[in-house]
Amino acid sequence: MTRISLTVDGSKVADDVEPRMLLVQYLRERLGKTGTVVGCDTSNCGACTVHLDGTSVKSCNVLAVQADGAEVTTIEGLATGEDLHPVQEAFRECHGLQCGFCTPGMIMQSVALLEENPQPSEEEIRLGLEGNLCRCTGYHNIVKAVQQAAGQGAAS
Amino acid sequence: MTATQERAEVAQEIGRDRRRKEDQRLITGRTRWTDNITMPGMLHLAMVRSPFAHATITSIDKSEAEAAPNVVAVLTGADLGESQGTLINAWAITTDQVAPAHPPMPPDRVSFAGEVVAVVVARSAAEARDAAELVDVEYDELPAAVDLKAAARDEVLAHPDLGTNKSAFWKFDSAEAGTGGDVDEAIAKARDGGVVIEREYRQQRLIPAFMEPRSVVVDPTGEQITMWSATQIPHILRFALAATTGVPESKIRVIAPDVGGGFGGKLQTTPEEWLVFAIARRLGKPVKYTETRSESLMVGHHGRDQWQKLTLSAEKDGTVTGLKVELLADLGSYVSLIGGGVPVLGAFMFNAIYKFPAYQFNCQTVLTNKTWTDAYRGAGRPEATFAIERLMTELAAELDMDPLELREKNWIRHEEFPFTTVAGLEYDTGNYEAATAKAKEMFGYDELREEQRRRREAGDTVQLGIGVSTFTEMCGLAPSRVLGQLNYGAGGWEHASVRMLATGKVEVTTGASAHGQGHETAFSQIIADRLGVPFEDVEVLHGDTQVAQRGLDTYGSRSLVVGGEALVRAADKVIEKARPIAAHLLEASVDDLEFSGGRFSVKGTDQGMSIAEVSTAVFTAHDYPEGIEPQLDSDATYDPVNFNYPHGTHLCAMEVDTETGQVKMRKYVCVDDIGTIINPLIVSGQVHGGLVQGIAQALWEEAVYDDAGTLVSGSFTDYLLPTAADTISFDIDHTSSPSITNTLGTKGVGEAGTIASTPAVVNAVVDAVRHFGVNDIQMPCTPERVWKAVHDRDAGGGDPTTGAAAPHFDSSTGMDGTVDRTTGGTL
Amino acid sequence: MIPAPFDYLAPTSVEEALAALAEHGDDAKVLAGGQSLLPVLRMRLNAPEVVIDLGRIESLRGVRDEGDVVVVGAMTPHSVVASDPLVAEHAGLVSRAVEHLADAQIRHRGTFGGALAHADPAGDLGAPALALGAQFVIAGQGGSTRTVEADDFFVDLFETAIGEDELLTEVRLPKHTGWGAHYEKFVRVAHQWPIVAVAAAVKAEGGTITEARVGLTNMGSTPLRARAVEEALRGQPATEEAVREAASRAAEGCTPPSDLNGDADYRRHLATVLTRRAVLAAAGA
């Protein structure tokens with residue numbers, strides 16, 4: 001067991017974990033942050049995307065021990081109280097989700113994308129989301145959602 | 001009053017692009033996936049799976065695994081015996097169908113790679129996996145039936161004791177059925193003075209690849225045994241568990257909580273569900289199993305996998321005279337829930353929108369040692385649509401006609417509806433002319449044809465192709481009597497109930513259990529209009545057999561056209577129950593009441609009361625008429641009278657780089673006629689998503705097995721799902737010929753995009769390179785296949801996929817890859 | 001999806017890391033960004049007893065200018081390399097290759113040295129490193145360091161010149177200031193490893209190619225230099241015809257794999273087309 005301390009969605013947490021525990025497992029099983037999900041075992045699908053010290057990562061591809069001392073934001077920490085993040089709002093407004101399983105990762109990556117490039121072209125949005133698979137939407141409305149969020153200054 | 005007028009009056013919610021009720025929890029991570037469930041003392045399973053496609057289990061040494069930390073039990077098929085129950089086939093397509101018994105965990109012989117041979121039960125999932133690595137299974141490998149055509153020749157038997165791989169032969173002949181002429185005569189006649197198009201098409205094996213891996217939890221500690229499962233079919237699952245395990249149906253509760261996509265892939269009863277159920281009962285503890293993606297791709301059922309031999313006859317002017325279909329369909333190693341029936345769902349659709357005078361459909365289902373196949377989005381109908389839309393394009397090319405003109409020459413004209421087809425179905429409504437005209441205009445058909453001509457003449461490296469697909473499908477499964485005639489093991493009705501709460505809120509239950517389609521929103525819109533209550537006041541409950549107790553679940557684009565109709569009827573019953581009570585309270589005659597906008601009013605007066613007020617009145621029950629029960633709750637079971645026939649015209653422009661074979665979508669336009677639209681936003685999502693799944697079959701996806709029967713494309717690294725960067729934004733629109741077989745005039749939309757798009761894309765790719773002498777490219781149209789077809793390395797464009805995966809995740813870091821990097825040649 | 005158990009060490013200096021390697025040897029795996037290693041562990045294709053995480057060694061991160069070379073620390077994330085102005089100015093070919101490597105999340109986490117040391121022949125960094133003549137600085141036991149030329153670094157499939165008790169600490173990229181660069185990557189879907197890719201850096205003067213460097217991705221068990229093409233290009237005009245002629249030799253001596261995405265012959269053909277396109281794009285033609 002290794003002792004880790006980190007901040008998750010604004011709360012300080014500390015636990016003894018097995019080194020083999022993945023960050024996503026830690027979030028789900030220890031912290032009950034089940035909004036973040038696991039969709040594959042090869043890091044292709046991006047459903048588990050969270051922000052680690054301000055950048056998007058696939059939390060199935062990070063060990064919990066590697067996050068010691070870090071700040072993690074999940075889909076559950078994105079809204080401010082009742083106020084949704086503009087990207088969350090845009091996904092609903094543009095029907096950018098159906099079953100919703102890819103959605104936490106898709107939203108977290110979209111937020112990261114807009115932080116790095118606040119006014120992306122359609123092509124830049126599509127390339128920026130290449131690490132996130134969705135099987136329901138055909139991506140059409142996801143791209144629209146990111147465009148809408150960008151138009152509303154989501155990155156600010 | 002006609003149905004049309006009725007609709008016009010109540011159309012307040014129906015047709016609105018309401019934002020979905022479901023989304024608030026999904027965008028904030030407040031979700032209830034099965035894998036989220038934890039319980040005190042819950043145990044976890046890990047599966048030990050066969051690496052071989054076909055083998056006898058000679059011994060299983062469990063001792064080391066049993067001794068591992070926190071392992072509770074290690075169980076084999078022999079240990080569980082009959083307590084594990086059995087997996088059923090609900091649709092024996094013929095009475096003499098050959099089908100192996102299907103135990104969830106066979107004790108003696110495995111018949112596909114990935115089949116479960118032992119289960120480890122431990123206190124954590126990690127410890128279960130650790131111990132699973134310690135189970136020592138010895139096998140005697142048997143020859144495996146892998147290739148479909150070879151299996152059909154019985155060269156190697158998938159199940160030696162059955163004596164054959166041929167499971168069932170199913171035939172429809174229009175001359176025998178009295179719905180049309182003799183197809184062989186038509187073909188013979190066309191060989192002498194007409195045109196005959198003969199082709200063999202491959203429907204490659206696909207994997208549904210829903211994003212949420214399947215998960216199941218069983219809690220046996222209450223009076224009812226409760227199963228949570230990531231399933232499309234909680235009701236059928238409950239029935240099948242009861243039917244095969246001896247546990248009374250009344251002691252089983254099945255819950256499908258939030259379910260992350262299905263596309264037919266969760267229309268299944270799985271070995272894992274049966275094993276979790278059996279082990280939870282055996283140990284008396286809550287038990288959970290969640291599959292990994294690798295497991296999901298390997299053992300979750302696959303789709304398609306057919307060879308289609310097709311003969312189309314026509315006159316020289318392009319008038320079609322006959323169509324003969326001979327299918328080989330790969331069942332995989334078992335005849336699964338409706339696996340054998342999937343190709344039969346296409347049997348009535350090969351003739352599509354065209355007026356064929358003679359038609360024959362033959363299908364041979366075949367057992368192999370591969371993962372079993374079953375429904376995948378469209379189930380039988382994409383295969384049929386692909387075949388006919390490819391053939392009509394080939395006929396047009398043969399006759400040097402525009403593919404749309406040829407289609408128009410043969411399709412059912414709008415004034416000919418209702419139209420009884422050569423396959424015996426009655427199409428109720430449609431207008432192919434209108435959809436096509438709109439699509440052509442949106443697409444800029446003539447301009448793109450002109451660009452195509454320019455590029456061809458200039459010999460551009462990048463050529464342009466235009467693909468057409470004027471599809472229809474039968475959906476809204478299904479009239480129960482028809483299913484009975486097809487020997488299907490269940491009905492096709494759907495159930496709904498409407499509960500009027502004391503506070504005026506409305507609870508609706510539906511047996512059509514959603515997994516991402518937006519039922520909570522669309523059904524709320526229907527009820528809001530029907531009962532005249534606010535959209536926000538309607539709560540849709542589903543996916544729990546104790547809450548929505550009757551149902552036949554979600555598949556076959558049935559939720560709205562069958563489930564929605566049940567809802568309408570239940571709501572109408574509520575109004576009829578409320579009417580005499582309202583009359584009593586208003587001291588008026590029932591005949592003087594009219595109901596509109598959620599309010600009963602007395603004709604010619606300003607007196608009235610809302611249905612919510614009636615709800616409250618029956619709750620207190622202080623004052624209501626004699627001889628009437630004080631409640632409004634109603635339910636309805638609707639058994640459809642016909643299938644439902646959405647149609648549309650899809651136009652696709654593809655650019656093909658003739659130097660590399662790379663294909664790139666330039667433009668995609670579709671105009672679908674799905675009758676009345678309840679929520680255009682939800683419809684657009686269904687269309688976009690359906691399109692991409694169909695496009696993915698045309699261009700990217702293929703489940704590839706090697707010669708030993710191992711799934712090579714067993715991860716998302718090798719089973720290629722498209723990303724946002726591989727797809728484009730689509731231009732979609734609608735025409736509307738409301739269905740006359742349901743009150744709302746709706747038609748199914750869930751599968752339309754998938755069914756229509758695959759042939760549109762392949763037609764476009766072939767069209768781009770037809771001048772190189774290419775008339776077919778096998779799916780998926782990989783750059784390699786396209787390049788070889790163009791450069792005449794392989795005239796048919798059917799170069800087999802090399803059955804080897806690149807070893808990105810192994811070698812120095814793990815096991816050897818399957819790819820041969822030593823010879824520099826093919827394997 | 002859960003790795004087998006292992007012990008975890010997180011040294012804070014190269015010396016500590018080397019000591020851990022010396023102690024655990026064969027039983028240990030080095031964790032850099034982990035974007036290839038963790039899937040392998042999760043699928044239990046490998047089960048090391050010890051994982052040595054280099055993530056806490058700050059000295060291994062960053063890009064710096066050292067005269068004729070740009071030095072990239074082994075633990076510098078791809079996303080940092082992709083946006084680094086020094087790399088862009090002096091080793092543009094690396095910028096071109098890294099900007100579309102894998103996906104955004106993996107570029108945030110995966111590291112420059114980790115990917116090169118992993119030595120997947122389909123990895124995007126080998127060909128440009130080879131083409132630019134990168135030097136690999138390898139730290140060994142007892143404070144020793146050695147520098148390995150790119151030509152000697154890639155040994156075989158997933159095998160490099162890094163010894164079992166050694167660490168790659170930095171990669172020195174000789175400056176190719178003013179050279180045109182292009183990375184032509186051929187995939188079926190965006191998140192794939194390249195089926196074939198070509199890295200080309202071209203120095204052109206007045207429409208004539210004075211020097212060209214061409215690296216091939218996934219055309220053998222290691223990244224490869226297309227030397228025949230490089231020689232054929234020297235002194236040629238940067239025209240379609242001349243480059244086509246030179247590029248036709250791209251697959252000479254290659255033994256590409258056959259797999260789901262294409263057979264060896266198809267890859268040989270792709271190499272010639274992609275080489276022409278890469279060189280022309282690099283030459284600004």
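Sequence lines set the chain letters: A, B, ... in the order given, protein chains first and strands last, and positions in each chain run from 1.
- At a 4.5 Å heavy-atom cutoff, the contact between A:Cys60 and chain C is made by backbone and side-chain atoms alike.
- Residues C:Ile2 and A:Glu18 form no side-chain contact, since every pair of their non-hydrogen atoms from C-beta on lies 4.5 Å or further apart.
- Side-chain contact between C:Arg56 and A:Asp68: present, with at least one pair of heavy atoms (C-beta onward) separated by less than 4.5 Å.
- Using a 4.5 Å cut-off on side-chain heavy atoms (C-beta onward), C:Met43 and A:Thr42 make contact.
- With contacts defined as side-chain heavy-atom distances shorter than 4.5 Å, the pair C:Asp53/A:Val65 does not qualify.
- How far CG of C:Asp103 is from OG1 of A:Thr49: 8.0 Å, rounded to the nearest 0.5 Å.
- Of the residues A:Leu52, A:Asn132, A:Asn61, the one that meets the side-chain contact (heavy atoms from CB on, under 4.5 Å) test with C:Gln105 is A:Asn132.
- Comparing C:His191, C:Arg42, C:Arg109 by heavy-atom pairs within less than 4.5 Å of chain A, the highest count is held by C:Arg42.
- Here the OH atom belonging to C:Tyr8 is positioned 5.5 Å from the CD atom belonging to A:Gln66, to the nearest 0.5 angstrom.
- Within 6.0 Å of atom CD in A:Glu123, 12 or fewer heavy atoms from other residues, nucleotides or ligands are found, so the atom counts as exposed in its surroundings.
- Every residue two or more places apart in sequence or in another chain was checked for a salt bridge (Lys or Arg N to Asp or Glu O under 4.0 Å) with A:Asp41, and none qualifies.
- Looking at A:Thr55, both its backbone and its side chain come within 4.5 Å of chain C, counting heavy atoms on both sides.
- With a 4.5 Å cut-off on non-hydrogen atoms, C:Ala10 does not touch chain A at all.
- Interface remark: A:Val38 contributes side-chain atoms only to the contact with chain C (heavy atom separation under 4.5 Å).
- Interatomic distance, CD of A:Glu116 versus OG of C:Ser83, reported as 8.5 Å (0.5 Å rounding).
- Of the atoms belonging to A:Leu133, it is side-chain heavy atoms, and not backbone ones, that fall under 4.5 Å from chain C.
- A:Lys58 NZ to C:Gln35 CD: the interatomic distance, rounded to the nearest 0.5 Å, is 8.0 Å.
- Looking at C:Ile106 and A:Ser43, their side chains come closer than 4.5 Å, going by heavy atoms from C-beta outward.
- The choice from A:Thr2, A:Leu127, A:Asn44, A:Leu129 that makes the most heavy-atom pairs within less than 4.5 Å of chain C is A:Asn44.
- A:Ser56 and C:His108 make their closest contact through O-ND1, 2.8 Å (heavy atoms, listed as atom of the first residue, atom of the second, distance).
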